[in-house]
Amino acid sequence: IEVIHEKNSDLSLVFIEKALSFFFETVQNALISNRKVEIRRFGVFYCSVRSDRKARNPGTGETFLIPQRAYVRFKMSKQLQKFFNQRSVI
């Protein structure tokens, strides 16, 4: 919020905070509704489901079931990927 305000001093901190809150709330609601969220030249956020699977406790050897669950995935746009590959990020 501070960085945005420094670059756009004509925008109030309250306005920037409300705009960002609205943006993130909208993205969250879309993902909850199982819709993709595409931000041009940045990437796509989407939900995926990991099915039930068996796991084992290495200490006791006990086998148990990890239940199905949803998670958010992100696919980078070609422009963003190209940008990262041109810079030394690591």
Side-chain angles (χ1 to χ4, degrees):
I1 293 174
E2 299 287 331
V3 174
I4 295 171
H5 183 63
E6 287 174 11
K7 292 185 177 186
N8 301 287
S9 58
D10 56 324
L11 299 175
S12 72
L13 288 171
V14 173
F15 175 79
I16 295 169
E17 187 173 344
K18 284 183 180 180
L20 286 174
S21 293
F22 177 74
F23 171 76
F24 288 122
E25 185 178 315
T26 304
V27 169
Q28 182 180 7
N29 290 336
L31 291 171
I32 288 170
S33 300
N34 204 24
R35 294 185 310 217
K36 289 182 182 180
V37 177
E38 180 181 349
I39 302 172
R40 299 283 176 164
R41 298 187 342 242
F42 185 73
V44 178
F45 294 93
Y46 60 98
C47 288
S48 194
V49 176
R50 190 171 284 154
S51 58
D52 295 343
R53 60 191 171 115
K54 291 182 182 179
R56 187 176 60 83
N57 181 335
T60 64
E62 177 187 4
T63 303
F64 59 96
L65 185 68
I66 298 175
Q68 172 182 341
R69 64 186 198 183
Y71 62 102
V72 176
R73 299 199 58 188
F74 175 73
K75 182 175 180 190
M76 208 182 313
S77 71
K78 289 181 182 180
Q79 292 91 345
L80 186 60
Q81 191 170 19
K82 184 178 177 182
F83 173 77
F84 273 105
N85 287 334
Q86 289 176 349
R87 295 182 53 217
S88 59
V89 177
I90 301 174

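For this chain, numbers begin at 1 and follow the sequence in order.
Under the 6.0 Å cut-off for aromatic ring centres, Phe42 and Phe74 qualify, their centroids lying closer than that.
Remark: Lys75 NZ to Gln81 CD distance equals 8.5 Å, nearest 0.5 Å. Within the model, atoms OG1 of Thr63 and NZ of Lys54 stand 7.5 Å from one another, a figure rounded to the nearest 0.5 Å. For the atom pair CD of Glu25 and CD1 of Ile32, the computed distance is 9.5 Å after rounding to the nearest 0.5 Å. Rounded to the nearest 0.5 Å, atoms CG (Asp52) and CG (Leu65) are 5.0 Å apart. Taking CG from Asn85 and NZ from Lys78, the interatomic distance works out to 13.0 Å, rounded to the nearest 0.5 Å. Atom NZ of Lys36 sits about 11.5 Å away from atom SG of Cys47, to the nearest 0.5 Å.
At most 12 non-hydrogen atoms from other residues, nucleotides or ligands lie less than 6.0 angstrom from CZ of Phe22. More than 12 non-hydrogen atoms from other residues, nucleotides or ligands lie less than 6.0 angstrom from CD of Glu38.
Taking every heavy atom of both residues into account, Arg35 and Leu31 meet most closely at O-CD2, 3.7 Å. Nearest heavy-atom pair, Arg56 versus Phe64, reported as atom, atom and distance to 0.1 Å: C-CE2, 4.1 Å.
Residues Tyr46 make up the rest of the hydrophobic cluster containing Val44, defined by ILVMFWY side-chain heavy atoms closer than 4.5 Å, directly or through other members.
Looking at Ile39 and Phe23, their side chains come closer than 4.5 Å, going by heavy atoms from C-beta outward.
Hydrophobic clustering places Ile4 together with Phe24 (ILVMFWY residues linked when any side-chain heavy atoms are closer than 4.5 Å, directly or through intermediates).
A donor-acceptor distance shorter than 3.5 angstrom exists from the side chain of Asn57 to the backbone of Gly59, with no hydrogens or angles considered.
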